[in-house]
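So that the names make sense, note that chain A is the first sequence line, chain B the second, and so on, each numbered from 1.
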Amino acid sequence: MVAMKSDNFFERVYGIVRQIPEGCVTSYGAIARALGTAGSSRMVGYAMRGAGGVYPPVPAHRVVNRAGLLTGKRAFGSPTMMAQLLANEGVAVVDDKVVDFEQVFWDPQDALGD
DNA sequence: GTGGTGACGTATA
DNA sequence: GTATACGCCACCA
């Protein structure tokens, strides 16, 4: 099967993010590790940068860094869009940071073992 | 084919 | 505990 998806890596990241349940969030490193590319944690975020142009849409707003900071909020067009979406999902966000990050944290490996 | 960059993470000072 | 430096690896020009 002709691998038309050269974004094998990207697609995988999208697949994980799309499995994130509503009201939950995860970290780039966790996703990267779930993919087996823990070393390319940066690539996870890089992939998300293109998440706004792929289909189906990827809830990138549910993906934050290790500190729970909405580092990529700027990728949503508005610096408050990401926080707004999270708040809409039930995730409290203050100062561009996820509140109780560890409580709403979702483990991507959980989807793999589904 | 090479170089530069990056929505991170970890290590060290 | 805070601040700074480096590394990782895949994508883009």
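Taking a pair as Watson-Crick or G-U wobble with both distances under 3.5 Å, DNA chain B forms stems of 3 or more consecutive pairs at B:2-6 with C:9-13, B:8-13 with C:2-7.
Between the CZ atom of A/Arg49 and the P atom of C/dA10 there is a distance of 18 Å, rounded to whole Å. The interatomic distance linking A/Ile31 (CD1) with C/dC9 (P) rounds to 18 Å, in whole Å. Taking atom CG on A/Asn8 and atom P on C/dC9, their separation rounds to 17 Å, with Å as the unit.
Residue contacts for A/Val63: at a heavy-atom cut-off of 4.0 Å it reaches a base atom on one of the strands shown.
Bracketed by its first and final contacts, the part of DNA chain B lying under 4.0 Å from non-hydrogen atoms of chain A reaches from B/dG6 to B/dT10 in 5' to 3' order.
One distance of note links OH of A/Tyr28 with CZ of A/Arg42; it measures 13.0 Å at 0.5 Å rounding. For the atom pair A/Ser78 OG and A/Leu85 CG, the distance stands at 10.0 Å (nearest 0.5 Å). Between atom CE of residue A/Met81 and atom CG of residue A/Leu70 there is a gap of 13.0 Å, rounded to the nearest 0.5 Å.
Put simply, the side chain of A/Met82 reaches to within 4.5 Å of the side chain of A/Val64, judged on heavy atoms. Taking the side chain as every heavy atom from C-beta outward, A/Trp106 and A/Gln19 approach each other to under 4.5 Å. The shortest side-chain heavy-atom distance between A/Val25 and A/Val63 does not fall under the 4.5 Å cut-off.
Scanning all heavy atoms of the two residues, the minimum distance from A/Ala32 to A/Ser41 falls at CB-CA, 3.7 Å. A pairwise comparison of heavy atoms in A/Val17 and A/Val58 identifies CG1-CG1, 3.1 Å as the closest pair.
Residues of residues 33-46 of chain A having a heavy atom closer than 4.0 Å to DNA chain B, listed by number: A/Arg33, A/Ser41, A/Arg42, A/Met43, A/Gly45, A/Tyr46.
A continuous path of hydrophobic side-chain contacts links A/Tyr46 to A/Tyr14 [ILVMFWY only; heavy atoms under 4.5 Å].
Exactly one of A/Val94, A/Val93, A/Val91 qualifies for a side-chain contact (heavy atoms from CB on, under 4.5 Å) with A/Val99. That residue is A/Val94.
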